[in-house]
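A short write-up of the structure that comes next.
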Protein chains: 2
Amino acid sequence: MGTERRSRGTHEAALTIRDVAERAEVSVATVSRVLAGNYPVAAKTRQRVMRAVRELNYVVNTHARALAGVRTETVAFVLNDVRGPSFSAAAYGVEREANQRGRLCLICTTEGDQERELAFMQLMREQQASAVILIGGVRDDEQYRERYTEIAQGLHAVGSRLVLCGRPSLGADVPATTVEYDNEGGAYAITTNLLANGHRRILYLGGMLEHTTSVGRLLGYHRALADFGVAPDPTLIEHGEFTRVSGYERTRAWLQQGAGRFTAIFAETDMVAAGALAALEDAGVRVPDDISLVGYDDIELASDLRPRLTTVHVPYEELGRTAVRLAIDLKEGRSREGDQHVVLGTHVVVRQSVARLHH
Amino acid sequence: MGTERRSRGTHEAALTIRDVAERAEVSVATVSRVLAGNYPVAAKTRQRVMRAVRELNYVVNTHARALAGVRTETVAFVLNDVRGPSFSAAAYGVEREANQRGRLCLICTTEGDQERELAFMQLMREQQASAVILIGGVRDDEQYRERYTEIAQGLHAVGSRLVLCGRPSLGADVPATTVEYDNEGGAYAITTNLLANGHRRILYLGGMLEHTTSVGRLLGYHRALADFGVAPDPTLIEHGEFTRVSGYERTRAWLQQGAGRFTAIFAETDMVAAGALAALEDAGVRVPDDISLVGYDDIELASDLRPRLTTVHVPYEELGRTAVRLAIDLKEGRSREGDQHVVLGTHVVVRQSVARLHH
DNA sequence: AATGTAACAGCAACCGGTTACATTGTCAGA
DNA sequence: TCTGACAATGTAACCGGTTGCTGTTACATT
C-alpha cells in the first residue's frame, strides 16, 4: 500500500480529492460536499477539510468535475480581428460580461476565414462550451450553410447556445438568437444631417453587401434621400473593403476622375473615413470647407482626426454584453432559441467634419 | 434494454463513443483508435467507424478525453484591457500563434485588478491550461507575492507553464520565463534623437514605476542625457497614468505653470502623446514649431495625428507570438523554466513631430 | 429506557473517454 | 497440417470527480 495510486506516465502524481480526504480523515464524498458547499456538513468536519485543502494547495480538476456532470460555464466568441477598434470593444464587452457572471471566456479570431470559424465551433462542441457568440458578417453559400447547420445542431445537442451579432440567422434549421445595432436608423440619421446641411450629391463609400451591416446602412442612406425627395445616383455608390487603405484609394480615384460630382462623403466606417480624409488632405481638399465627410462607428480615432469626425455612435461594448446576457438567458431556459432578436440603438455624434452648403 | 443508458438529469442523452461503436459494430476501443489515428486499424473497419461518426454527427468529449490523460492544449492569457491598441496587438499575436499551433485560447481582462488576475490563474489550474501568459505590469507587495507564489506553484504542479510579458519574474520561488521588448534602448534612441536636434530640456511624461516598462524607458532617457553631457532635471520628470486624459491634463498643467521650461516632450506612450498634443493644440502651441513631441509604442494612431508622431516602434504582435512559442517550448521540455528571458528589439520611427531647435 | 427523527458521513455507481493487456485471426514457413 | 509471428480487435481498468442511496450517530420526545 502507499505507492499504489501513482499515475502511469512520467508525470508527477496529480493531487486528487482522495489525498485531501486521506489527510482530513474523511471520505471523498465529504470533501466533495464541503467544496461544493450546498450540502450540510458539520462545522468541525468542514474545517478539517478546508485545512487539508489549504495545506495541500489543492484545486478541483475541471475535467473530472465536468465529466461528473458539473460544467464550468464557458463563453466562446469568434471575431475577425481583435485589433479593430470596434471589434475589440465588442470583445471587451463579451469578456467583461462573461467574467462578471463567472464564466470563462474562449476567443478565436478568423481574419475572415470561415473555415476557421467552423473549426472553432466544432472545437467548442468538444469543449461543451455553454455559449458560442459569432460576431461579424458571413458569406453564405450552399456548402457553407450545410456544414454550418450540422455543426450548429451539434452544438445545440451538447447544450451550447448560439448567439449571432451583426449577422442574419441562417435558415430555419438553426433558429438563432441575434443582436444587432440599428444600422439603418443610424445611417438614416446621419444622411439626414448631411441633407439638412444642403448636401445633395453624397458619395457613398460602402462595404460589401454580404455584411448585413452594409445592407442596413445603405438602406438608411436611401431612405433619407427619399424622404428629402432626392433621387439616388447609383454611380455615387461604391462597395469595397472596410479598411483605411480602401478609403484612401477609393477617395483618391474619385478625386481624380469624379471631382465635382459630390459635395460630401458618407464613409460606411470611421476607418474608411480616416482613409478618405488622408486622401483629401493629400489632394489639398479642405474638410469640411470643400467637402464634408461623415463616418460610422464612433471609434476613438474619430475624435482624434482633424477635423474631428461627425459620425454615428455604435454601442459595441454593449453589443458584446448583450450577446452574453442573451446566451445565458438561453442557457438557463429563460428564452427560447430564435425568439430573441435585439436591436441596439445608435445616434449621430455631431463634430466638425460637416459644413453647411450654400448654393 | 435500450433505454438503459440515459443520463440522470433532465438533459438529453449525450452522444458517446459507445453509440458510435454500436452503430459501426466494433468495440469502443476501436473507435477511439480510429479517432486518434495513431494506431493500426484495418481500412475497412476504419471506414465503417468514420461512417458511423459522420452519420451520428459525433464529436469527442474533451473533458472525458482530458480525464483519460489526453489534454487539449490550451493557452490562457491575461491583460488589462483588450481595447488598448498595444495590448490588443499583443492579444492578437497570442491568439494567432496559439491558434496556428492548434491551441485553444482563453482570455481574461483585469482592468488592473490583480485579484482578478490571481483568480483567473487559479481557474487555469482547475482547467489544467497548458500555458498561462501574463501581460503588463504588477504591483508587488508582500501579500500579493505570497498568493502569487502559491498559485504559480500550483500551476506548475498541474503542468501549466507560466510566461510573463513586460513584467519581472517575482522571486526565485517561481522561476518564470519572460519576454520583454527593449524599453531602455528605444527610449535611449528617441531621446538621442531629440538631443541631436538640439533639445536639452525635455519634459518627461512617464508612467508609474511599478511597471518595468516605465522603469526601462526612464532609464534610457537618463542614459541618453548622460551621453550628451546633459544634467537631468528631476523636476521635469512626471509619473502618471498611461492614458490620453492623463497626457492632456498633465500637459495643460505644465503649460500653465511651467511653460518655457522645456522645448520638447517625451510621452512614455503614444496615448499620452495624443493627449499632450490635444492640450498643446488647445493652448495654441504649435507642434513641432514651438514644442517638439515624441511618443512610444507606434500604435496606429501615431500616424493619424497631425503632425504625425515621431515615436518608437514596439513589436507588440511579436511579443504575443513569442510568449506562446516560449510557453510551448517550455511545455514540451525544450527549455527550462527561468532559463529564457527574451528581449525584442525596438526602433525609432521618425515622422513630423520633432523640429530642430536653433539656439 | 425505548423510539423517532434529522443531521451527517460513507459506499459505490456513474460520467465518457484511453490504453495496457489479452484474445482472436491470418498467413508464411517448416 | 502445424506452428510461430504479427496484425487487428476486444476487455476492462483506469482518469478524478459527483451524488443517490444507505448506514450511523446524536439528540429530542414520550
Side-chain angles (χ1 to χ4, degrees), chain A residues 4-22 24-49 52-53 56 58-72 125-128 157-159, chain B residues 4-22 24-49 52-53 56 58-72 125-128 157-159:
Chain A
E4 184 91 21
R5 192 187 341 94
R6 302 232 117 237
S7 69
R8 54 189 145 219
T10 58
H11 285 332
E12 322 81 345
L15 197 57
T16 79
I17 199 172
R18 277 163 252 275
D19 299 313
V20 178
E22 204 172 305
E25 295 179 296
V26 294
S27 71
V28 292
T30 302
V31 176
S32 177
R33 285 178 184 128
V34 168
L35 260 30
N38 49 18
Y39 190 92
V41 175
K44 233 174 35 185
T45 314
R46 152 171 291 116
Q47 280 169 14
R48 224 157 4 111
V49 170
V53 166
L56 294 172
Y58 164 86
V59 289
V60 290
N61 177 329
T62 309
H63 299 302
R65 167 177 277 180
L67 196 52
V70 183
R71 302 251 129 92
T72 304
R125 254 182 95 184
E126 300 181 1
Q127 296 273 334
Q128 332 262 313
V158 298
Chain B
E4 185 88 21
R5 192 184 345 91
R6 302 230 116 240
S7 68
R8 56 188 145 219
T10 58
H11 284 333
E12 322 82 344
L15 197 55
T16 79
I17 201 173
R18 279 163 247 276
D19 299 313
V20 178
E22 202 172 308
E25 296 178 296
V26 294
S27 71
V28 292
T30 302
V31 176
S32 177
R33 286 179 185 127
V34 168
L35 260 29
N38 49 17
Y39 194 90
V41 175
K44 232 173 37 183
T45 315
R46 155 171 288 116
Q47 281 168 14
R48 220 154 11 107
V49 170
V53 166
L56 292 172
Y58 165 87
V59 290
V60 290
N61 178 328
T62 309
H63 299 301
R65 167 176 276 180
L67 195 52
V70 182
R71 301 251 129 92
T72 303
R125 256 182 94 184
E126 300 181 2
Q127 296 274 334
Q128 333 261 315
V158 299

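Letters A, B, ... mirror the listed sequences (proteins, then strands); counts begin at 1. Small disclaimer: the values here were computed from a predicted structure and weren't measured.
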Identify the nucleotide, in any strand shown, that forms a Watson-Crick or G-U wobble pair with D/dT29, with both distances under 3.5 Å; if there is none, say none.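 Across any shown strand, D/dT29 pairs with C/dA2.
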
Without decimals, in angstroms, what is the distance between [X] [atom1] and [N] [atom2]?
X	N	atom1	atom2	value
A/N38	D/dT19	CG	P	7 Å
A/H63	D/dT18	NE2	P	14 Å
A/R18	D/dG16	CZ	P	8 Å
A/Q127	C/dG16	CD	C1'	15 Å
A/D19	D/dG16	CG	C1'	11 Å
B/N61	C/dG16	CG	P	7 Å
B/Y58	C/dG17	OH	P	3 Å
A/K44	C/dC8	NZ	P	12 Å

Considering non-hydrogen atoms only, spot the tightest contact between [X] and [Y] and give its length.
X	Y	value
A/A66	A/R71	O-NH2, 3.5 Å
A/Y58	A/T16	CE1-C, 3.6 Å
A/L56	A/L15	O-CD2, 3.2 Å

Determine, stepwise, if the pair A/V26 / A/V49 fulfils side chain to side chain contact (heavy atoms under 4.5 Å, CB included). CA-CA 8 Å; A/V26 294; A/V49 170; 3.9 Å; yes

Identify the pairs formed between an N or O of the protein and an N or O of nucleotides 5-11 of chain D at a distance under 3.5 Å, and give each distance.
unit_1, atom_1, unit_2, atom_2, d
D/dT9, OP1, B/T45, OG1, 2.2
D/dT9, OP2, B/A42, N, 2.9
D/dT9, OP2, B/T45, OG1, 3.4
D/dT9, O4, B/Y39, OH, 3.3
D/dG10, OP2, B/S27, N, 2.7
D/dG10, OP2, B/S27, OG, 2.9
D/dG10, OP2, B/T30, OG1, 2.6
D/dG10, N7, B/R33, NH1, 3.3
D/dG10, O6, B/R33, NH1, 3.4
D/dG10, O6, B/R33, NH2, 2.5

Nearest to side-chain heavy atoms of B/L67, which nucleotide of D/dG16, C/dG17, D/dT18: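 Among D/dG16, C/dG17, D/dT18, the one nearest the side chain of B/L67 is D/dG16.
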
Check every atom of C/dG17, D/dG16, D/dT18 against the side chain of A/T16 and return the nucleotide holding the closest atom.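 So the nucleotide nearest the side chain must be D/dG16.
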
Are side-chain heavy atoms of B/Q127 and A/T72 found at a separation under 4.5 Å?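 Counting from C-beta outward, B/Q127 and A/T72 do come under 4.5 Å.
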
B/Q128 vs A/T62 side-chain heavy atoms within contact, under 4.5 Å: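 They are not in contact (no side-chain heavy atoms under 4.5 Å apart), so the answer is no.
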
Going by the side-chain hydrogen bond (donor to acceptor under 3.5 Å, both in side chains) test, which pairs reach into residues 30-49 of chain A, not counting sequence neighbours?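 Checked against side-chain hydrogen bond (donor to acceptor under 3.5 Å, both in side chains) - neighbours excluded - the pairs reaching residues 30-49 of chain A are A/S27-A/T30.
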
